[in-house]
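Each ligand, and each atom within it, is numbered from 1 in the order the structure gives. Start at 1 with the first residue, then count along the sequence.
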Amino acid sequence: MTENVLILGAGYAGTVVANKLAREFRREIARGDLNVTILDKDDMNINQGGFTFLPFGLYTPEDLERPRKEVLSPRINCVFGEKGEITGVDLENRKVQVKSGDTFNYDYLVIATGSTTDISNIPGLSEDYNTFYTSMDDAFKLKEKIDNFEQGRIAISVAQMPVSCPGATVKFAVMLNDYIKFMKTEEMCKNIQISFFWPMEPIGPPEFNKVATKVFEDDNIEVNRNFKLAEVDSKNREIVSQNGDREKYDLLITTPPHKSPQPIIDSGLTDETGWIPVDKFTLQYRGPAGNHNEVYVAGDAGPASVIKSGIGAHYQSLVVSHNLVNDIHGHGTKVSYMGEVGCPYIGAMPTPFTKGQAYIPSWSYGAPPESFEPTKLGWYIYRMYYYIHWDAGLKALF
Ligand SMILES: Cc1cc2nc3c(=O)[nH]c(=O)nc-3n(C[C@H](O)[C@H](O)[C@H](O)COP(=O)(O)OP(=O)(O)OC[C@H]3O[C@@H](n4cnc5c(N)ncnc54)[C@H](O)[C@@H]3O)c2cc1C
């Protein structure tokens, strides 16, 4: 009898799991003993990690997108568009419903639907919403605003946690500072202040916080901690925190709140934090829809307590694939996800006045990042990674 693995979402995590299974089960798939099907609402894979760099001209759109089919093994059954847009997930009956009205049954399910942004709970934000977080178009619109900005206060606000790659806004602020020094006249630079608004006290784990705090001090970027964005008063150009603090801005750049995609919430898969709970080691579903050993979760869709990043999604996808291989072979053994995540850090971007500097700190459940210094080599490795991403990362070759 043919067994069916169904993967929801063909972004980072879903693609890695699919490609790993396609390689491990090439014989079973060829014999028709196993089907691996992947669903997504559209057919372009976009590397969101590159959005941070677009306003500074460091990648082009061509660097950041590929048709999904080009990065997925031909052994995978791909269903994209309306026929792949998930509208409901019924774990009890092992059924997934899509927009076209079709349903998919499965023996094993991987939920890799990521996160989405939602500004509806911040009054006023839609009236002055500039962000690099949501699409290439938005990142280019923001670039235009930055390029035309002549004087005043640029407020960079991370509205709430958790967000996908919390460190992205930190490196954006550092690069913005270098970019302004390079692109604007000396007179303009004197009249531009960058202010960073962060919703927590520490900026990441202790060593990350230490290095980020130092670079902000050195770059004269003002840091406001524990500023959870509650409202944007666009008429008076003020942001308001949940504590009622008001701060003026001339250009507001926001990292918006994130949430699980609505069909995942509506299917009753999320807990009170709004994210999908799992066994933190095996990544099997453990939530309001019951305990399901045949359902795995990888990537941003997972629990609020695990930092959402492409690096984490990569490690989780390898663990999920490995466990699926064992399940399907009937071995019954499990490998454990140990909380491996990372968050690339940038100390400077290269301009005529600065050398590019970066480092990719990583950590796991019980082992926080060690002390680190961004380096020139780190910058090249980080920049290069976005090219390796397509042919090695997504293909699950490491
Ligand atoms: C601006 C920015 C910068 C970042 N920088 C970095 C970085 O430097 N390093 C790093 O490690 N990480 C970074 N990240 C985070 C990284 O991009 C994510 O953690 C990663 O993409 C998560 O992978 P995922 O597969 O869980 O989700 P995604 O890659 O978002 O994939 C989810 C997929 O599910 C699909 N989907 C959702 N809902 C449905 C539905 N109803 N029906 C069908 N399909 C659906 C989506 O279309 C999408 O293809 C950054 C993110 C952003 C936004």
Please work out which of [options] has its closest non-hydrogen atom nearest to [atom].
atom                    : options                : result
atom 9 (N) of ligand 1  : P344, G299, C343, G49  : P344
atom 37 (C) of ligand 1 : T113, V98, N47         : T113
atom 17 (O) of ligand 1 : H258, Q48, M44         : Q48
atom 10 (C) of ligand 1 : P263, A139, G310, G302 : G310

Donor-acceptor pair between [X] and [Y] side chains, under 3.5 angstrom:
X    : Y    : answer
D128 : N130 : yes
N243 : S241 : no
S321 : R23  : no
E294 : Y108 : no
Y129 : K141 : no

Nearest-contact summary for [atom] - protein heavy atom, Å:
atom                    : value
atom 25 (O) of ligand 1 : A13 N, 2.8 Å
atom 45 (C) of ligand 1 : K41 CE, 4.0 Å
atom 42 (N) of ligand 1 : I86 N, 2.9 Å
atom 50 (C) of ligand 1 : C165 CB, 3.3 Å

With heavy atoms under 4.0 Å as the rule, classify the contact between [X] and ligand 1 as side chain, backbone, both or neither.
X    : answer
H389 : neither
S309 : both
Y382 : side chain

Should you measure from each heavy atom of [X], which atoms of ligand 1 turn up under 4.0 Å away?
X    : answer
R68  : 47 (O), 49 (O)
T52  : 1 (C), 3 (C)
G11  : 25 (O), 29 (O), 31 (O), 33 (C), 49 (O)
A168 : 3 (C)
D300 : 18 (C), 19 (O), 22 (C), 26 (O)
A112 : 32 (C), 33 (C), 34 (O)
K171 : 7 (C), 8 (O)
G114 : 26 (O), 27 (O), 32 (C)

Next on the checklist: Set out, in order, the CA-CA distance, both residues' side-chain angles and the distance that settles side chain to side chain donor-acceptor pair (under 3.5 Å) for R75 and N35, then state yes or no.
Outcome noted: CA-CA 9 Å; R75 297 185 196 105; N35 265 335; over 6 Å; no
Parallel, tilted or perpendicular: ring planes of [X] versus [Y], cut at 30 and 60 degrees:
X    : Y    : answer
H329 : F25  : tilted
H314 : F398 : parallel
W198 : F196 : parallel

For ligand 1 and D40, I'd like to know whether there is a polar contact (N/O to N/O, distance under 3.5 Å).
yes
Please indicate whether any nitrogen or oxygen in K308 is less than 3.5 Å from any nitrogen or oxygen in ligand 1. no
Query - Main-chain N/O of E28 paired with D33 side-chain donor or acceptor, under 3.5 Å - result: no
- Query: If you draw the axis of the six-membered ring of F104, does the NZ or CZ of R94 fall within 45° of it and under 6.0 Å from the ring centre?
  - Reply: no
Cationic tip of K41 within the cone over F80's six-membered ring, i.e. under 6.0 Å and within 45° of the normal? no
CD1 (I29) and CD (E24) are apart, to the nearest 0.5 Å, by 10.5 Å
Worksheet item: Could a heavy atom of Y386 be found less than 4.0 Å from some atom of ligand 1?
Response: yes
Q) Below 4.0 Å from any atom of ligand 1, is there a heavy atom belonging to F172? A) no
Between D250 and I154, is there a side-chain heavy-atom distance shorter than 4.5 Å?
no
